[in-house]
Amino acid sequence: MSTPKRFFVPEISEVTDEIFIDGEEFVHAKTVLRVEEGAEIVLLDGSGKEYSAVISKIEKHRLTAHITGATIGKKEPETEIYLLCGALKGDKTELIVQKATELGVSRIGVFNSEYCSAYMNENKLERLNKVAREAAKQCLRSRAPKAEYFENFKAAVKSAENYKNKMFACEFLEKSESGFENLTGSTVLVVGSEGGFSHSEFEFAKSYGFLGVSLGKRILRAETAAITVCALAAYSLGELK
Ligand code: SAH
């Protein structure tokens with residue numbers, strides 16, 4: 001039997017036993033996954049719980065499912081990783097969001113910065129959140145990281161105040177001030193856009209407790225750097241073992 005299909009739904013309360021799925025998730029269920037009445041599915045409400053359910057009715061614009069049980073999802077990361085990355089051109093930010101979600105990132109901030117030439121709008125941000133939800137379902141997570149946008153780089157840096165490890169991938173740093181060995185605790189990772197960072201942006205982040213990390217003597221593309229730091233942090237925190 002194949003793994004039950006997974007769907008994100010609004011928050012489910014303890015007394016709910018019947019749920020309707022409409023909109024984007026319904027269209028996906030009906031036209032792409034071709035679910036049928038009687039099928040067992042899993043509902044995710046973003047709380048970390050997973051609800052088993054059975055589809056009782058499929059109509060033109062919605063389906064009805066009956067909840068049969070609830071468990072706590074077992075695939076969520078133990079430690080919080082927050083990725084802050086510059087907005088990239090084309091659909092490259094989507095690639096980062098997809099891979100970061102698979103690697104166990106819990107929160108994603110996309111920022112504008114001095115040398116950033118990509119733009120974001122509501123539609124693009126919603127698209128990023130959709131990519132995060134799809135990736136979360138595919139890799140069996142019960143939560144999708146929320147993508148948010150910071151028009152101002154300083155606001156992005158300030159949003160990371162409460163994290164234990166603050167790492168800044170800096171392409172013009174000769175020597176790392178911090179490494180990925182033996183990390184413990186919540187971790188925030190900053191990676192620039194195609195244009196990279198200005199020295200004053202790096203200094204500003206340092207004044208907020210960030211330490212610079214070098215990813216070696218070659219300059220990586222922004223998306224390579226972002227995926228690499230997520231993988232290194234996730235590995236060090238024990239999430240890839
Ligand atoms: N335009 C810049 C390169 C930007 S690369 C230049 O020509 O120098 C995009 C981002 O990836 C950088 O801002 C940094 O966060 C990260 N990055 C790429 N290579 C890196 C390296 N060797 N060390 C640390 N960070 C790197």
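If you chain together hydrophobic residues whose side chains sit under 4.5 Å apart, V190 and L83 never meet in one group. Criterion: ILVMFWY side-chain heavy atoms under 4.5 Å apart, direct or through other members. Under it, L95 and L88 are not part of a common hydrophobic cluster. Under the 4.5 Å side-chain heavy-atom criterion for Ile, Leu, Val, Met, Phe, Trp and Tyr, Y163 and F210 are members of the same hydrophobic cluster. Hydrophobic clustering (side-chain heavy atoms under 4.5 Å, transitive across Ile, Leu, Val, Met, Phe, Trp, Tyr) keeps M120 apart from V157. In terms of hydrophobic clustering, with Ile, Leu, Val, Met, Phe, Trp and Tyr side chains grouped at heavy-atom distances under 4.5 Å, L84 and V229 are assigned to different clusters.
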Inset, instruction - Quick one: do V97 and T101 satisfy side chain to side chain contact (heavy atoms under 4.5 Å, CB included)? Show the steps, please. - result: CA-CA 6 Å; V97 168; T101 304; 4.2 Å; yes

Inset, instruction - May I have the step-by-step check of ring pair (Phe, Tyr, Trp, His ring centres under 6.0 Å) for Y115 and F197, ending in yes or no? - result: CA-CA 7 Å; Y115 302 143; F197 289 113; 8.9 Å; no

Inset, instruction - Could you walk me through whether I55 and E36 pass side chain to side chain contact (heavy atoms under 4.5 Å, CB included), step by step? - result: CA-CA 7 Å; I55 298 178; E36 289 175 359; over 6 Å; no

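A donor-acceptor pair shorter than 3.5 Å cannot be found between the side chains of Y51 and T16. With no hydrogens or angles considered, no side-chain donor-acceptor pair links S176 and S214 at under 3.5 Å. Between the side chains of T187 and K166, no donor-acceptor pair is found at a separation under 3.5 Å.
Within the 4.5 Å cutoff, side-chain heavy atoms of F26 are placed close to those of L63. In this structure, the side chains of T68 and V54 come closer than 4.5 Å at one or more pairs of heavy atoms. Between F202 and L173 the shortest side-chain heavy-atom distance falls below 4.5 Å. Here the side chains of S193 and K89 are not in contact, with every heavy-atom distance at 4.5 Å or above. In this structure the side chain of S52 never reaches within 4.5 angstrom of the side chain of P4, judged on heavy atoms. In this structure, V213 and L232 have side chains that are not in contact, with every pair of non-hydrogen atoms separated by 4.5 Å or more. Residues T93 and L128 have side chains in contact (heavy-atom distance under 4.5 Å, counting atoms from C-beta outward). Contact check for F7 versus L33: side-chain heavy atoms found under the 4.5 Å cut-off.
Residue S159 comes nearest to Y82 through the heavy atom pair OG-OH, 2.7 Å, listed as atom of the first residue, atom of the second, then distance. For the residue pair A65 and I41, the shortest heavy atom distance occurs at CB-CD1, 4.0 Å. For A87 against C116, the heavy-atom pair with the smallest separation is O-SG, 3.4 Å. Here the closest heavy-atom approach between residue A222 and residue V191 is recorded as O-CG1, 3.9 Å. In terms of heavy-atom proximity, L103 sits nearest to A234 at O-CB, 3.6 Å. Contact detail for L240 and A231: the closest heavy-atom pair is CD1-O, 3.5 Å.
The distance from atom CG of L237 to atom CD1 of I81, rounded to the nearest 0.5 Å, is 5.0 Å. Between the CZ atom in F168 and the CZ atom in F204 there is a gap of 11.0 Å [rounded to 0.5 Å]. The line from NZ of K92 to OG1 of T224 is 9.5 Å long, rounded to the nearest 0.5 Å. Between atom CD1 of residue I227 and atom CZ of residue R221 there is a gap of 12.0 Å, rounded to the nearest 0.5 Å. Rounded to the nearest 0.5 angstrom, F8 CZ and L43 CG are separated by 11.0 Å. Rounding to the nearest 0.5 angstrom, the gap separating the OG atom in S198 from the CZ atom in F172 is 6.5 Å.
Side-chain atoms of N165 come within 3.5 Å of backbone atoms of T184 as a donor-acceptor pair (strictly under, hydrogens ignored). Although no hydrogens or angles enter the test, the distance criterion places a donor-acceptor pair under 3.5 Å between the side chain of S236 and the main chain of L183. In terms of modelled atom types and a separation under 3.5 Å, the side chain of D17 and the main chain of I67 share no donor-acceptor contact. Proximity of a side-chain donor or acceptor of K146 to a complementary backbone N or O of N129 within less than 3.5 Å is not detected. With hydrogens and angles ignored, the 3.5 Å screen pairs a side-chain donor or acceptor of D45 with a backbone N or O of I12.
Sorted by first and then second residue, the salt bridge (Lys or Arg N to Asp or Glu O under 4.0 Å) pairs with a member in residues 49-60 read R6-E50, E59-R62; sequence neighbours excluded.
Checked for salt-bridge contact, R107 and E148 meet the test: a charged N lies under 4.0 Å from a carboxylate O. Between E201 and K154 there is no salt bridge, since no side-chain nitrogen of the basic residue lies less than 4.0 Å from a carboxylate oxygen of the acidic one. Classification of E94 and R127 as a salt-bridged pair holds, one side-chain N sitting under 4.0 Å from a carboxylate O. A salt bridge does not link E80 to R143: none of the charged side-chain nitrogens sits closer than 4.0 Å to a carboxylate oxygen.
Within a 6.0 Å sphere centred on NZ of K124, other residues, nucleotides and ligands contribute more than 12 heavy atoms. Counting heavy-atom neighbours within 6.0 Å of N121 CG, excluding the residue itself, gives a total above 12.
For F111 and Y149, the ring centers sit 6.0 Å or farther from each other.
Here the options are H28, Q138, E24, E25, the test is side chain to side chain donor-acceptor pair (under 3.5 Å), and the partner is R133; only E24 passes.
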